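A short write-up of the structure that comes next.
Sequence lines set the chain letters: A, B, ... in the order given, protein chains first and strands last, and positions in each chain run from 1. Worth saying up front: this structure is predicted, and the values here are computed from it rather than measured.
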Amino acid sequence: MNITTWNVNSVRARLERVLAWIDAYQPDVLGLQELKCQDPELPVEAFRSRGYHVESLGQKTYNGVALLSKRPMTDVVRGFPNPDDPQARGISAVIDGVRVVNLYCPNGGDLDSDKYPYKLGWYDRLEMELRQWAGQPLVVCGDFNIAPADGDVWDPKRWEGQVLCSVPERERFQRLLDLGLTDSWRHFHKEPNVFTWWDYRGNGYALNQGLRIDHHLVTKDILARATDVTVDHEERGRPQASDHAPVTLHLRDR
DNA sequence: ATGGCGTCCGAGGGACGA
């Protein structure tokens with residue numbers, strides 16, 4: 001079972017690219033973030049005709065997440081980790097015995113904005129809510145909006161203390177690992193400077209000025225089934241690309 | 001560098017992203 005996470009930065013603006021990528025790579029599970037549309041505007045038929053079940057939590061203009069799965073989804077949770085949050089940032093389902101959580105974690109704005117404490121509080125709630133599933137096969141994937149370490153940042157000095165790299169954010173990320181989860185990409189790859197996001201501005205992709213902020217955190221039983229995690233950085237270089245690349249966790253069947 | 005680029009909303013520029 002292959003599980004891909006991809007912040008598409010508007011599913012409607014990106015639909016041609018998303019469908020082409022699905023047709024080429026056939027992920028078993030695809031977690032999408034930043035849909036930027038409400039559920040009725042989601043192009044579900046295009047996904048269903050390709051063999052996917054679709055569960056979504058849409059929102060107008062901002063945020064919005066969806067899970068696409070070739071296998072049936074059960075125990076769907078919409079609105080995670082804060083069920084009352086007006087911002088649509090989390091959806092989860094059980095797929096073939098694996099609890100899959102798909103997240104669009106808050107950006108955090110600037111450190112002195114009210115978006116920053118919102119992000120930290122959101123992570124505190126996430127940690128609390130994930131505890132209920134940490135003892136069973138669990139994959140937490142998505143756009144975390146945190147670069148866990150300096151090796152995940154193209155210019156650590158320039159980014160030091162900035163949002164996505166600040167110490168309180170990295171502490172929140174570590175607390176998720178402390179639940180018994182593993183940063184699966186880092187488990188397989190020790191090299192620095194592999195990124196999943198590159199700024200549209202300043203020719204960021206061509207200069208490989210990026211951050212690794214899209215992750216799969218997994219429990220030990222999932223890690224034992226994992227064979228690799230891959231970043232399709234070429235997708236980022238295609239015309240009308242999202243600023244995030246798709247990232248895929250590859251699992252053996254049980 | 002309160003910028004660069006891209007998307008949305010809605011009809012002009014502001015909000016937001018990371």
Side-chain angles (χ1 to χ4, degrees), chain A residues 5-19 21 31-43 56-66 85-90 102-123 126 141-170 172-173 185 193-215 231 233 235-247:
Chain A
T5 176
W6 193 8
N7 179 324
V8 292
N9 185 19
S10 172
V11 70
R12 289 178 295 176
R14 209 73 55 212
L15 187 59
E16 261 189 70
R17 284 257 33 93
V18 173
L19 296 179
W21 199 90
L32 300 174
Q33 306 97 33
E34 280 211 86
L35 303 176
K36 296 188 174 182
C37 70
Q38 296 174 296
D39 289 327
E41 281 72 57
L42 190 67
S56 65
L57 180 68
Q59 183 180 337
K60 187 177 179 179
T61 310
Y62 306 115
N63 311 313
V65 286
D85 194 334
Q87 302 188 27
R89 295 187 174 277
N102 177 39
L103 300 174
Y104 175 48
C105 305
N107 169 292
D110 294 313
L111 268 64
D112 58 358
S113 72
D114 53 8
K115 292 173 188 168
Y116 186 71
Y118 166 75
K119 180 177 190 174
L120 299 182
W122 191 95
Y123 263 96
L126 176 65
C141 70
D143 174 1
F144 284 71
N145 270 318
I146 296 177
D150 285 352
D152 304 312
V153 182
W154 67 276
D155 186 346
K157 285 195 165 52
R158 171 175 164 164
W159 281 84
E160 185 177 7
Q162 302 299 307
V163 74
L164 316 194
C165 300
S166 72
V167 169
E169 289 167 90
R170 287 178 169 174
R172 296 312 192 279
F173 191 85
W185 188 88
N193 300 332
V194 173
F195 308 126
T196 65
W197 168 88
W198 299 259
D199 204 318
Y200 285 122
R201 301 164 292 186
N203 215 13
Y205 177 68
L207 299 171
N208 198 29
Q209 297 178 343
L211 305 174
R212 190 175 71 90
I213 55 177
D214 301 270
H215 311 295
V231 180
H233 60 85
E235 172 62 28
R236 177 62 180 83
R238 299 204 171 101
Q240 282 80 53
S242 168
D243 46 354
H244 293 253
V247 185

May I ask you to say whether A/R17 pairs ionically with A/E235, meaning some side-chain N is under 4.0 Å from a carboxylate O?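 Salt bridge present between A/R17 and A/E235.
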
Under 4.0 angstrom, heavy atoms only, what part of the nucleic acid is [X] near: base, sugar-phosphate, or nothing?
X	answer
A/D143	sugar-phosphate
A/Q162	nothing
A/N7	sugar-phosphate
A/N145	sugar-phosphate
A/Y104	sugar-phosphate

Between [N] atom [atom2] and [X] atom [atom1], what is the distance in whole Å?
X	N	atom1	atom2	result
A/N9	B/dC16	CG	C1'	10 Å
A/L207	B/dC5	CG	P	13 Å
A/H244	B/dG6	NE2	C1'	12 Å
A/Y205	B/dG6	OH	P	15 Å
A/D243	B/dC8	CG	P	12 Å

Say we look at [N] and [M]: how far apart would their [atom1] atoms be, to the nearest angstrom?
N	M	atom1	result
B/dG17	B/dG3	P	16 Å
B/dG12	B/dT7	C1'	16 Å
B/dT2	B/dG13	C1'	16 Å
B/dG4	B/dA15	P	15 Å
B/dG14	B/dG10	C1'	12 Å

For [N] and [X] - does any side-chain N or O of the residue sit under 4.0 Å from the phosphate oxygens OP1/OP2?
X	N	value
A/K115	B/dG17	yes
A/S10	B/dC8	yes
A/R14	B/dT7	yes
A/K60	B/dC9	no

Between A/A13 and A/N63, name the one whose nearest nucleotide on DNA chain B is closer to the 5' end. A/A13

Pairwise 5' ranking along DNA chain B for A/K36 and A/R201, keeping only the more 5' one: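 Final value for this comparison: A/R201.
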
Any chance you could lay out the side-chain hydrogen bond (donor to acceptor under 3.5 Å, both in side chains) test for A/D155 and A/Q209, step after step, and finish with the verdict? CA-CA 8 Å; A/D155 186 346; A/Q209 297 178 343; over 6 Å; no

For the pair A/S242 (side chain) and A/H244 (backbone), establish whether a donor and an acceptor sit closer than 3.5 Å, ignoring hydrogens and angles.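 Here the side-chain-to-backbone pair exists.
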
Any donor-acceptor N/O pair, A/N63 side chain to A/Q87 backbone, under 3.5 Å: no

Output, in order, the C-alpha distance, side-chain angles, deciding distance and verdict of side-chain hydrogen bond (donor to acceptor under 3.5 Å, both in side chains) for A/Y123 and A/N145. CA-CA 11 Å; A/Y123 263 96; A/N145 270 318; over 6 Å; no

For side-chain hydrogen bond (donor to acceptor under 3.5 Å, both in side chains), just list the numbers for A/N193 and A/W154, CA-CA rounded to whole Å, side-chain angles, deciding distance to a tenth of an Å, and then say yes or no. CA-CA 6 Å; A/N193 300 332; A/W154 67 276; over 6 Å; no

Which nucleotide, B/dC9, B/dC16, B/dG17, lies nearest any side-chain atom of A/R12?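 Ranking B/dC9, B/dC16, B/dG17 by closest atom to the A/R12 side chain puts B/dC9 first.
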
